[in-house]
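The block underneath contains the structure these notes are about, expressed in structure tokens.
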Amino acid sequence: MRVVVANSHIPNVHGGAEELALNLVTELGKLRGLSVELLRVPFDWSSQEGLLTHVMGLQNLDLGSTDLLIPLKFPVYFLRAPRRIGWIVHQFRQAYDMHGGPFTYFEESQKGDDIRRALIEADNLELPQYDRLFTNSSVTQDRLFRYNGIASDILHPPVNEPDRFICEDHEDFIFVGGRINGSKRQKMVIEALGSFAPDVRLVIAGPCEDPDYLDQMKYLIEIHDLQDRVQLRPEFLPRSEIVSYNNRCLAAVYLPMDEDSFGYVTMEAFQSSKAVVTTVDSGGVTQLVKDTTTGFVTEPNPESLGAALQELWINRNATKDMGRAAFDRLQDFGLTWNRTLEVLLS
Amino acid sequence: MRGIIVFEDLFDPDPLLRSQADVWGASLRDMDDMPFEVLHLPWSDTASPVSQLFGLSLLLLDRYEEICVLQPQGLALTGQSVFFLSPDGPKGGTRSRVTGGEIDRDVAMQEQT
């Protein structure tokens, strides 16, 4: 069987969906012996007018001898193949839950409204034609059902290379991993450290997607005089270094705004038996992190966050206990690639 | 970012074409320091070329500062700047600007690499 895993592609962006696509390709080949290719289709949403034509463009491409298509994101789920199993990580959220809020994308006009409704209608027509439909979290599943009336099954992505994540130590730093941009709110962690967590040390490491945001982080580090307590590595790290930071840190912090899934940052920290601090508005992350049990779920402000960080730093035994509970909680989900592929291909 | 796009049967890739795309990307980067990546888009010799060309012409590629293609179906692409790369220039290759789906020969003369 010839399988194409398809993903939307934006130059210089490598996040959870890209990581999932790469590992899905690898595991389908390794564990199932299938012939698998990764198809990355460039996507640009700078023009609302172009969205529908891009969808139409995808519908006219031909995947040749492909037997099975597994797309992960809007708009590549409009590609055609004899058999299609969707593992939906993202719809075009600007047409759904992000519409009408601070991140409203479509222009407030009849035209903007028409394009948005046409995109929703396109999803309504396309996705029910799939042979199977999975979503990566209950947040994505709920959105798909609430806005489109389309049912799906949840299939959480497993941790990649889980055996590499082992608690080696609890060194004197808290790890802040993941992409560096405004939606991941690394600035709030720095502000928390500067005013409300006087002893804590951080390592902030990940690829930077927003140079202006990085400049603001550096400015905060400077004005709070945190140069000795914050190590900043705004770069794409080799996998071995991500593993190492997780395995050696005291705990981890991950504050995405309304993330759909558990997040690899959370899952990798849990796999390394480390507690995670997140905020009540971090979406799917809060379904994994349980307040005071496997970490802290705080209000999204520097004061609450700083108090949680200081607590982790001072009460080391409790922090280690939460880390062990975090590992157990992740194992309870039984997320392995073998099991995942069994469900996906069933 | 420069995107060099290769069209192929996803399960029967042309290693020579892939190699040429990598060499082109590295050569152009040496000239202007623009980073590049090679992407593979599907092309089926047995399916309707009209439908496929129509599909390609609708894709949104503006995240790339420059798109380069090595095959004629790439002329259907639109973007901020689209160039056709051909190995027939006097210095080993020619980069020709594509305007409205056609190669601009005048510009090609100035873009020899």
Side-chain angles (χ1 to χ4, degrees), chain A residues 1-14 18 21 25 29 34-71 74-76 78-82 92 115 119 122 209 236, chain B residues 1-15 17-18 21 25 28-29 33-69 71 73-82 101:
Chain A
M1 183 163 63
R2 292 175 162 184
V3 183
V4 167
V5 174
N7 206 8
S8 306
H9 177 65
I10 300 156
N12 294 322
V13 172
H14 186 93
E18 289 71 29
V25 169
L34 300 174
S35 176
V36 193
E37 289 293 327
L38 174 61
L39 173 61
R40 299 179 300 160
V41 184
F43 178 47
D44 169 56
W45 62 89
S46 54
S47 146
Q48 62 172 11
E49 288 80 6
L51 293 171
L52 290 168
T53 56
H54 189 79
V55 165
M56 196 185 297
L58 292 168
Q59 289 171 330
N60 279 278
L61 298 186
D62 195 299
L63 299 184
S65 56
T66 302
D67 299 306
L68 171 64
L69 171 69
I70 306 176
F74 174 89
V76 291
F78 288 96
L79 288 163
R80 300 290 158 82
F92 193 64
I115 295 172
L119 275 177
E209 296 178 347
F236 189 88
Chain B
M1 173 73 84
R2 173 180 285 124
I4 301 182
I5 298 183
V6 172
F7 304 92
E8 61 187 8
D9 180 333
L10 296 174
F11 294 98
D12 187 18
D14 180 344
L17 200 57
R18 287 189 170 201
L28 292 170
R29 185 189 56 203
D33 287 334
M34 190 186 290
F36 77 97
E37 62 183 8
V38 177
L39 278 185
H40 310 273
L41 290 183
W43 183 264
S44 168
D45 286 334
T46 56
S48 159
V50 174
S51 174
Q52 292 181 86
L53 289 171
F54 176 63
L56 291 176
S57 72
L58 299 179
L59 298 183
L60 302 175
L61 304 171
D62 281 342
R63 286 291 177 125
Y64 291 105
E65 294 164 69
E66 183 179 311
I67 299 287
C68 291
V69 297
Q71 299 148 283
Q73 55 266 58
L75 299 178
L77 296 178
T78 58
Q80 295 185 46
S81 299
V82 180

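Throughout, protein chains are lettered first and strands after them, A, B, ... in sequence-line order, and every chain is numbered starting at 1.
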Query raised in the report: Relative to chain A, which of B/Thr46, B/Leu39, B/Asp45, B/Leu53 shows the most heavy atom pairs under 4.5 Å?
Result: B/Leu39
Query - Pairwise side-chain contact, B/Glu37 with A/Pro11, heavy-atom cut-off 4.5 Å (strictly under) - result: yes
Query raised in the report: Can you pull the side-chain hydrogen bond (donor to acceptor under 3.5 Å, both in side chains) pairs that have at least one residue in residues 51-63 of chain A, sequence neighbours excluded?
Result: A/Asn60-B/Ser51
Report task. Please report the C-alpha distance between A/Glu37 and B/His40 in whole Å, then the side-chain angles of each, then the deciding distance to 0.1 Å, and finally whether the side chain to side chain donor-acceptor pair (under 3.5 Å) criterion is met. Result -> CA-CA 10 Å; A/Glu37 289 293 327; B/His40 310 273; over 6 Å; no
Query raised in the report: Which answer fits A/Val3, side chain, backbone, both or neither, if we ask what part of it has an atom under 4.5 Å from a heavy atom of chain B?
Result: backbone
Query - Contact winner vs chain B - A/Gly64, A/Gly50, A/Ser47, A/Pro75, heavy-atom pairs under 4.5 Å - result: A/Gly50
Query - Set of ring-ring contact (aromatic ring centres under 6.0 Å, His included) partners for B/Phe54, sequence neighbours left out - result: none
Query - Most contacts with chain B, counted as non-hydrogen pairs under 4.5 angstrom, among A/Arg40, A/His9, A/Arg2 - result: A/Arg2
Report summary line: Heaviest contributor of heavy-atom pairs below 4.5 Å to chain A, chosen from B/Gln52, B/Met1, B/Arg63, is B/Arg63
Query - For chain A, which residues of residues 55-62 of chain B have heavy atoms nearer than 4.5 angstrom - result: B/Gly55, B/Leu56, B/Leu58, B/Leu59, B/Leu60, B/Leu61, B/Asp62
Report task. Would you please name every residue forming a side-chain hydrogen bond (donor to acceptor under 3.5 Å, both in side chains) with B/Ser81, sequence neighbours left out? Result -> none
Query raised in the report: Of the options A/Thr66, A/Leu63, A/Leu79, A/Val4, which is the one that meets B/Pro42 in a side-chain contact (heavy atoms from CB on, under 4.5 Å)?
Result: A/Leu63
Report task. Enter the distance from A/Asp67:CG to B/Phe11:CZ here, rounded to the nearest 0.5 Å. Result -> 7.5 Å
Query - Which portion of A/Leu38 sits near chain B, non-hydrogen atoms under 4.5 angstrom - result: neither
